[in-house]
Amino acid sequence: MAPTRLATKPTAINENLNGIGHGITTRSKQLASLKNHKDGLKVPNKRKADSPLKDVTAKRAAFGDITNAFHKSYGPNEKDKMTVAKKVTVESKILPVVKNIKSQIILNGKQSKAKQLQKAAANAIETVQKHFTKDPPKPIATRTQNGILKNIEKKDKTIKEQNQSSGSDKSRKSDASEPSLYTTALETNSPADTTKEVYTTIRDKLDKVNLDDTADRSLDEETEIVHRVPPGVVDFDQENWNDPLQVSHYAMDIFNYLKSRERLFPIDDYLRRMNGITTWMRALLVDWMVEVQESFELNHETLYLGVKLVDLYLTKSTQKQREHLTKEELQLLGASALFIASKFDERIPPLVDDFLYICDGAYTLSQLLKMEMDILRVVDFDLGIPLSYRFLRRYARCARVSMPTLTLARFVLEQCLLEYSLLGHSDSKMAAAALYLALRMKALGGWTPTLHYYTGYELKDFLPIAIAQNAVLHKKPKAAISTVRNKYSHTIFFEVAKVPLVEDSVLTS
């Protein structure tokens with residue numbers, strides 16, 4: 001881990017939490033203010049991982065090429081390459097090669113080498129015979145086990161002949177009770193019978209599965225499970241059935257599973273148990289977390305997971321943990337939650353000293369790591385939390401809404417992250433309400449049967465939530481918590497924050 005970078009003189013964050021997120025000194029601002037020509041180089045738009053020196057570290061394969069750990073002098077020489085090439089032999093040419101080897105043995109008359117070549121030829125012939133035999137393959141044994149296996153085969157052959165000649169029950173019992181080197185799962189059956197049963201079971205299963213891609217059959221037909229959408233519903237998954245990136249075979253099951261897990265992460269009115277922490281302080285914290293997400297260019301899933309971890313920690317924390325958490329350490333909780341979320345969702349998460357840097361040196365490394373461990377213990381290390389942002393993307397894709405409409409729904413959902421009064425609602429209903437409100441604000445119609453099918457909700461199930469979200473948008477903007485509005489007022493987000501609002505009567509009509 002890189003050494004911790006601590007700011008020597010905090011200037012951007014006040015001791016009181018009311019100063020969170022305003023005047024924060026980002027990395028770009030600091031680099032731009034450097035006077036040295038060497039330090040004043042152009043700052044890239046995106047952070048990139050530091051690449052190792054080419055002269056020091058060799059390239060490594062994805063699953064770890066252990067040969068890179070050795071010097072070049074230890075690499076394979078020409079002699080070794082020739083030896084490996086000789087070992088690669090086509091099966092159809094094995095028998096002629098064996099005959100040539102035998103003839104060379106007779107001509108040369110070298111007895112010491114002849115025995116070795118004869119043994120190699122015998123092994124080659126045995127390998128070819130086993131390859132073309134109709135019997136099922138036997139387990140691979142080591143050289144030391146080959147002799148044991150041959151003795152067992154001879155013994156089994158002798159017992160089998162005795163059983164055929166005598167036909168007595170005693171011989172059958174002795175044959176069944178004979179110990180073997182490999183035991184099967186069905187000890188009452190012989191290996192041959194067990195193998196036949198396994199082959200029969202596999203063949204029966206393969207007969208029910210379509211292995212021909214050109215047939216273009218659906219998975220429902222292959223598994224004999226009828227899955228049809230109701231009349232008037234556009235089958236979005238069926239249209240993208242052959243696109244592996246859409247995972248249409250499992251998308252419905254995935255989101256139904258996420259909806260079933262929502263009950264495992266309830267958030268109650270935890271502020272009534274907290275001392276000195278108000279809804280305004282939480283709004284300031286979430287606004288600062290949005291700014292951090294923009295500064296580090298993190299995924300939106302990272303932001304939503306970070307906010308969810310903050311609320312879950314404050315909900316499930318013990319009395320001792322609540323007493324220890326003060327308003328000065330609330331920002332530490334938000335930074336640690338984003339640190340965990342970035343390691344869960346980001347391809348290249350920021351370093352721990354990056355999060356210490358954005359806190360302007362207000363906390364130490366040990367404090368941040370301790371808070372990280374406390375959060376993970378409280379949530380029981382379960383980070384597979386259903387997020388409203390993931391539900392919104394699924395619902396919008398199934399409804400085929402445009403990107404500006406989806407961005408408007410994202411603005412509604414992200415603005416509602418600051419609202420403490422909306423924490424008790426499920427994430428799937430929050431996503432459905434945000435999409436419905438965006439459709440009404442864009443005058444694109446109401447709740448369609450397609451949305452009803454893919455969300456599993458009727459309009460009456462989330463209409464009160466949509467009205468509450470609309471009330472949030474109608475609130476007078478405050479300069480202290482304006483990061484979300486400023487973010488979605490940019491042209492890159494289609495300036496959706498400037499879309500005219502609607503009245504509640506439009507939502508209920």
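Atom set for the values below is all heavy atoms of this structure, side chains included, hydrogens, waters and symmetry mates excluded.
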Between [X] (side chain only) and [Y] (backbone N and O only), is there a donor and an acceptor less than 3.5 Å apart?
X    : Y    : value
S342 : P349 : no
E294 : E291 : no
Y454 : F236 : yes
R273 : T315 : yes
E414 : R485 : no
Q367 : T364 : yes
D427 : S388 : yes
D354 : L356 : no
D253 : Y250 : no
E495 : Y488 : no

Any chance [atom1] of [X] has more than 12 other-residue heavy atoms, nucleotides or ligands included, within less than 6.0 Å?
X    : atom1 : answer
N275 : CG    : no
I492 : CD1   : no
R263 : CZ    : no
R397 : CZ    : no

Using 0.5 Å steps for rounding, measure from the [atom1] atom of [X] to the [atom2] atom of [Y].
X    : Y    : atom1 : atom2 : result
L463 : K460 : CG    : NZ    : 11.5 Å
Y395 : L435 : OH    : CG    : 9.5 Å
F255 : T455 : CZ    : OG1   : 12.0 Å
H425 : I465 : NE2   : CD1   : 4.5 Å
S336 : E329 : OG    : CD    : 10.0 Å
L383 : L376 : CG    : CG    : 6.0 Å

Both conditions, 6.0 Å and 45 degrees, for the charged tip of K259 above the ring of Y457: are they met here?
yes
Does the side chain of [Y] come within less than 4.5 Å of [X]'s, by heavy atoms?
X    : Y    : answer
V310 : L285 : yes
L439 : L451 : yes
F391 : E262 : yes
L305 : I340 : no
M403 : F494 : yes
V378 : L312 : no
V472 : L422 : yes
C416 : M430 : yes

Taking it one step at a time, do F411 and F493 satisfy side-chain contact (heavy atoms from CB on, under 4.5 Å)?
CA-CA 9 Å; F411 163 65; F493 290 109; over 6 Å; no
Which residues share a ring-ring contact (aromatic ring centres under 6.0 Å, His included) with [X], sequence neighbours left out:
X    : answer
H452 : none
F355 : F296, F339
Y270 : Y420

How far apart are the C-alpha atoms of C359 and W288, what are their side-chain angles, what is the distance that settles it, and do they pass the side-chain contact (heavy atoms from CB on, under 4.5 Å) test?
CA-CA 10 Å; C359 292; W288 176 78; 4.1 Å; yes
Run the salt-bridge test on [X] and [Y] with the 4.0 Å N-O cut-off and return the result as yes or no.
X    : Y    : value
D237 : R394 : yes
R390 : D345 : yes
D268 : K316 : no
R393 : E301 : yes

Please report the C-alpha distance between R440 and Y436 in whole Å, then the side-chain angles of each, then the deciding distance to 0.1 Å, and finally whether the side-chain hydrogen bond (donor to acceptor under 3.5 Å, both in side chains) criterion is met.
CA-CA 6 Å; R440 285 300 192 180; Y436 174 70; 3.2 Å; yes
Using every non-hydrogen atom in the two residues, find where [X] and [Y] come nearest and quote the distance to one decimal.
X    : Y    : value
I481 : A283 : CG2-O, 3.8 Å
L338 : L303 : CD2-CA, 4.3 Å
A337 : I375 : N-CD1, 3.9 Å
M289 : V307 : CE-N, 3.7 Å
A396 : L406 : CB-CD1, 3.5 Å
L417 : R282 : O-NH1, 3.0 Å

What residues, two or more places apart in sequence or in another chain, satisfy salt bridge (Lys or Arg N to Asp or Glu O under 4.0 Å) together with K478?
none
Who are the salt bridge (Lys or Arg N to Asp or Glu O under 4.0 Å) partners of K475, not counting sequence neighbours?
E419
Kindly determine whether L314 and L333 satisfy side-chain contact (heavy atoms from CB on, under 4.5 Å), including the steps that lead there.
CA-CA 10 Å; L314 296 176; L333 175 62; 3.8 Å; yes
Determine whether W447 and F462 satisfy the following criterion, side-chain contact (heavy atoms from CB on, under 4.5 Å), listing intermediate values before the conclusion.
CA-CA 11 Å; W447 203 245; F462 59 84; 3.6 Å; yes
Assess the residue pair S248 and N240 against the criterion (side-chain hydrogen bond (donor to acceptor under 3.5 Å, both in side chains)); give the C-alpha distance rounded to whole Å, side-chain angles, the decisive distance to 0.1 Å, and a yes or no.
CA-CA 6 Å; S248 298; N240 300 276; 5.0 Å; no
Evaluate the side-chain hydrogen bond (donor to acceptor under 3.5 Å, both in side chains) criterion for residues Q293 and T302: first the C-alpha distance (whole Å), next the side-chain angles of each, then the deciding distance (0.1 Å), finally the verdict.
CA-CA 8 Å; Q293 181 259 332; T302 303; over 6 Å; no
Which pairs, with at least one residue in residues 497-509 and sequence neighbours excluded, count as a side chain to side chain donor-acceptor pair (under 3.5 Å)?
N470-D504
Step by step, work out the salt bridge (Lys or Arg N to Asp or Glu O under 4.0 Å) result for E372 and R377.
CA-CA 9 Å; E372 177 191 10; R377 290 193 191 99; over 6 Å; no
